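Notes to accompany the following structure.
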Amino acid sequence: MLDIRTLREQPDLAKSRLASRNADYSQTIDAILAIDADRRASETRLQGLQSERNRLSKEIGKLRAQKQDSAALEAEVKSLADEMQALTEKSNALSDEQTALLLVLPNFPQPAVPVGKEAADNPEIRVHGEKPSIANPKDHVALAEALGLIDPDRAVKISGSGFSVYMGQGAKLERALLNFLLDLHTRDHGYTEVSPPFVVKRDCMVGTGQLPKFEEDMYGIDGGGLFLVPTAEVPVTNLHREEIVNAAQFPIKYAAYTPCFRREAGSAGRETRGLIRMHQFDKIELVKICAPEQSASELEALTGDAERVLQALGLHYRVIELCTGDMGFGAAKTYDIEVWAPGQNAYLEVSSCTNFEDFQSRRMNLRFKAEDEKNRFCHTLNGSGTALARLYVALLENGQQPDGSVHIPAALQPYFGASTISK
RNA sequence: GGUGAGGUGGCUGAGUGGUCGAAAGCAGCGCUUUGCUAAAGCGCCGUAGUCCAAAAGGCUACCGAGGGUUCGAAUCCCUCCCUCACCGCCA
């Protein structure tokens, strides 16, 4: 959520900072400012009346204590009631309206974020390794089915399209990856492991920015009061919602595994083959909470922590920076990490590392006590460390051997218990 | 699911219709004094909104949340949420 003061005091700057996103928000900002002016006028008038009421009521108390007649004053206070009632209702309505509009306004991209419209405009920041030379690479679906690792037909039978069932060694590989990733981040990168609920309250979804704007992409249950988590970012970042956290703990670093549930509304037919776009997939998420002046460097470190996953597994990848038009709703700056998948002849996004600055913390009222004793909003960041399904794709397609078996990277072998997967 | 108790400031905890935004203690901050690692005394010490060009300051709201009664609500009434205890059920 953006700061209403910024919008009020520098509306033109606010509009220009949002202009590079792929939608025009200037009308929304104008609407917010009109409501804000109206709201404040109502509140000022109401507060004047409240002040008058309080003053008169104290007079009444004094008169009654002295056994004197207070009927005239009581009538006077009563005469204020109608207008106060009307102003209270008006102020509340305007306040709700203002908040509703503020919640659908995206974050400001950082000034240095490259301006662009779509994914093609995202600059490549760095590349690690090289594409392996594999003659006539098979894709992961062919490899996994041949080896009996997944059972797509039965997944459809029990849950419909967009779900997967891992079987036997395939299931074990998934479990091995989870343990490998959590160990890497907690042991080598200093993150605290968190195992959160996979269901969260509506407020949490608003706090991290999924709601109210993207409800059609979420799985709501219990009449809309609870949601299946679309990412561990939601329960983990919200752990400290409505808190004033101790700055001595900064940066707070959490790593969490959850399955991620996404409707993927409107994406039917896009990348739907195999494991690449699913309604449920596993992910390790890294979350940081820190002071504003730390967040820029923490984003670089976070991205590096996610990259180390791919380095440890010997996978070729690149890091791109998202342009203004491609960035997510709450993002101030985002790096995507894309791993090479020979069977797709394409890079697959396996991690998205984002600095939200104070966008989420305003929504969830997450603050810390600054050195000047003021309560300030924290900065929050998160990044995948990494998504499992696409990493799984990359492992199969990069590890494939001419005989149809799949080589398991050395770092993963202790977790998987074997160096290859074969029939 | 049943019964009972309860939700007050960073913490403990008073307060059952009128100078209560809220006693007291603890913690924290500042000053003074004495001095071997601390003690005593004094003072300060919630959050948010709003008014003012800003500062100073004023005003308003907040005692789990939302309504209601009243001239006036932390205090009375209603609904909801949550916590604790015991019982039931249960991986």
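Chain naming here is simple, since letters A, B, ... match the order of the sequence lines and numbering starts at 1 in each. These figures come from a predicted structure and were not determined experimentally.
Residue contacts for A:Arg55: at a heavy-atom cut-off of 4.0 Å it reaches no nucleic acid atom on any strand shown. A:Arg376 comes within 4.0 angstrom of no nucleic acid atom, judged by non-hydrogen atoms across all strands.
Using atom C1' as the reference point in both B:U79 and B:U69, the two lie 15 Å apart (nearest Å).
With hydrogens and angles left out, the side-chain atoms of A:Glu233 and A:Thr208 include no donor and acceptor closer than 3.5 Å.
Both A:Asp36 and A:Glu89 lie near RNA chain B, and the one whose nearest nucleotide falls closer to the 5' end is A:Asp36. A residue-by-residue look at A:Lys369 and A:Ser51 shows that A:Lys369 has its nearest nucleotide of RNA chain B further toward the 5' end.
A:Lys157 has no carboxylate O lying under 4.0 Å from a charged side-chain N of A:Asp153, or vice versa, which leaves the two without a salt bridge. The pair A:Arg308-A:Asp188 does not meet the salt-bridge criterion, since no charged nitrogen lies less than 4.0 angstrom from a carboxylate oxygen. Ion pairing between a basic and an acidic side chain is recognised when a charged N comes within 4.0 Å of a carboxylate O; A:Asp358 and A:Arg362 show such pairing.
Within a 6.0 Å sphere centred on NZ of A:Lys117, heavy atoms belonging to other residues, nucleotides or ligands number 12 at most.
Between the CD atom of A:Gln47 and the P atom of B:C52 there is a distance of 12 Å, rounded to whole Å. Atom CG in A:Leu49 sits roughly 22 Å away from atom P in B:G49 (whole-Å rounding).
Scanning for side-chain hydrogen bond (donor to acceptor under 3.5 Å, both in side chains) contacts around A:Ser352 gives A:Asp336, with sequence neighbours left out.
Stem analysis of RNA chain B (Watson-Crick or G-U pairs, both distances under 3.5 Å, runs of at least three) returns B:1-7 with B:81-87, B:10-12 with B:24-26, B:28-32 with B:40-44, B:46-51 with B:57-62, B:64-68 with B:76-80.
Centroid-to-centroid, the aromatic rings of A:Phe359 and A:Phe329 come within less than 6.0 Å.
Taken from CZ in A:Arg390 to CG in A:Leu395, the straight-line distance is 14.5 Å, to the nearest 0.5 Å.
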Protein proximity profile, nucleotides 70-83 of chain B - base contact B, sugar-phosphate-only contact S, no contact -, cut-off 4.0 Å on heavy atoms | -BS-----------

